[in-house]
Amino acid sequence: MTPTLPSGDQASDQDNWDNGRLAHKRQLLTEIILRNRLTALVVDGDTTCRVLEQLLFHSYGVQTQGVDNGRDAIALIASGVKFNLIIIDMILSVLNGLEATRQIRDMGVHCKMLGVTACSGESERQAFLAAGVDVFIEKPLDPEHLVPILRELDGQ
Amino acid sequence: MERNPMRRQLASMRKSLFDQGYLDEQFMELEQLLDDANPNFVEEVVTLYYRDSARLILNLDRALERRPLDFSKLDGLMHQFKGSSSSIGAKKVKAESTLFREYCKSGNAEGCMRTFQQLKKEYATLRKKLETYFQLARQIGPMESANRPK
């Protein structure tokens with residue numbers, strides 16, 4: 001597929017001035033091949049974030065569902081749908097991320113949960129971990145955080 | 001023959017967006033992530049961001065008119081806006097969002113209002129710059145196809 005930017009001179013200008021970090025990140029986007037069919041639930045009230053997070057998962061072959069509030073996340077899980085991974089934001093409408101996380105854990109769900117949020121303070125981090133997420137990640141969710149987790153879930 | 005000057009102009013425009021701090025690495029990651037999708041997808045994602053965040057800006061404006069200020073509500077709105085802005089690599093906008101949230105936490109009303117005005121300026125400036133950038137990219141796109149050797 002043709003990228004947004006033209007190739008050739010354009011690409012070399014781009015690579016020259018990002019000092020190889022882009023090449024490293026590009027490698028992270030393509031180097032993982034999952035052996036198993038993994039599923040993820042994305043709980044994020046912001047459409048742009050939710051779309052991009054789901055797209056990131058799709059790029060690795062992870063099937064995803066997305067909801068925009070805590071109550072719908074609880075309802076989906078209560079209906080019996082299983083996920084290998086749940087991504088959840090801290091501040092959500094209807095039922096906030098902290099409470100939703102507690103309820104998900106109280107339901108006996110033991111899958112990996114990532115708190116992915118725009119909050120960056122230590123108190124927020126501790127609160128989210130105490131609620132039951134396994135990992136706290138400041139937005140945006142990126143391959144450097146996600147790839148090791150997907151590998152672990154895939155048993156690599 | 002017209003391709004090269006336009007491509008150089010696009011490259012220069014892109015570089016300055018990063019050099020001047022309007023965009024950060026996350027924008028590059030978007031471009032890589034969406035490389036396999038349709039070539040205008042980055043523009044579509046940015047359009048989605050501006051469409052959705054307009055509602056947040058409006059709600060923040062309204063919340064800042066109330067007295068006394070509800071800092072918890074303001075912080076919640078800005079939390080979402082910050083997350084959205086960081087997801088497309090809007091560096092300056094994200095920085096102002098962070099500052100705003102710090103003022104919310106310290107209950108500094110004047111700081112919140114001043115920072116929000118600056119944030120709206122950065123938000124509008126980035127929008128204009130990206131619109132110009134994508135417009136040029138779209139012009140170059142079809143020209144590339146037309147001039148590609150058969």
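Order of the sequence lines fixes the chain letters, A, B, ..., with proteins taken first and strands second; residue numbering starts at 1 for each chain. Worth knowing before you read on, the calculation uses all heavy atoms, side chains too, and leaves out hydrogens, waters and symmetry mates.
The closest side-chain donor-acceptor pair between A:Thr39 and A:Gln63, if any, does not fall under 3.5 angstrom. Using modelled atom types, one finds no donor on one side chain facing an acceptor on the other under 3.5 Å when comparing B:Asp24 with B:Gln26.
A salt bridge links B:Glu43 to B:Arg138: one of the charged nitrogens lies within less than 4.0 Å of a carboxylate oxygen. A salt bridge between A:Lys139 and A:Asp44 is present, with a side-chain N of the basic residue lying under 4.0 Å from a carboxylate O of the acidic one. Salt bridge present: A:Glu122 and A:Arg125 bring a charged side-chain N and a carboxylate O closer than 4.0 Å.
For A:Val51, the side chain to side chain contact (heavy atoms under 4.5 Å, CB included) partners are A:Thr47, B:Leu48, not counting sequence neighbours. Scored by the salt bridge (charged side-chain N to carboxylate O under 4.0 Å, His left out) test, B:Glu44 finds no partners at all (sequence neighbours excluded).
Contacts between residues 65-84 of chain B and chain A, defined by a heavy-atom separation under 4.5 Å, are made by B:Gly76, B:His79, B:Gln80, B:Lys82, B:Gly83, B:Ser84. Along residues 110-121 of chain B, no residue comes nearer than 4.5 angstrom to chain A, judged on non-hydrogen atoms.
Between the side chain of A:Arg105 and the backbone N or O of A:Gly132 there is at least one donor-acceptor pair closer than 3.5 Å. For the pair A:Asp142 (side chain) and A:His145 (backbone), a donor-acceptor distance under 3.5 Å is present.
Aromatic ring pairs are classed by plane angle as parallel below 30°, tilted from 30° to 60° and perpendicular above 60°; the pair B:Tyr123 and B:Tyr49 is perpendicular.
For the set B:Ser85, B:Ser87, B:Ser53, the entry with the most heavy-atom pairs within less than 4.5 Å of chain A is B:Ser87. Ranking A:Asp89, A:Val116, A:Leu141 against chain B, the residue ahead of the rest is A:Asp89, based on heavy-atom pairs under 4.5 Å.
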For this session: Could you walk me through whether B:Tyr22 and B:Phe27 pass the ring-ring contact (aromatic ring centres under 6.0 Å, His included) test, one step at a time?
Result: CA-CA 10 Å; B:Tyr22 288 103; B:Phe27 188 85; over 10 Å; no
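In this structure, chain B has no heavy atom under 4.5 Å from any part of A:Glu53. With a 4.5 angstrom heavy-atom cutoff, B:Arg101 touches chain A only via side-chain atoms.
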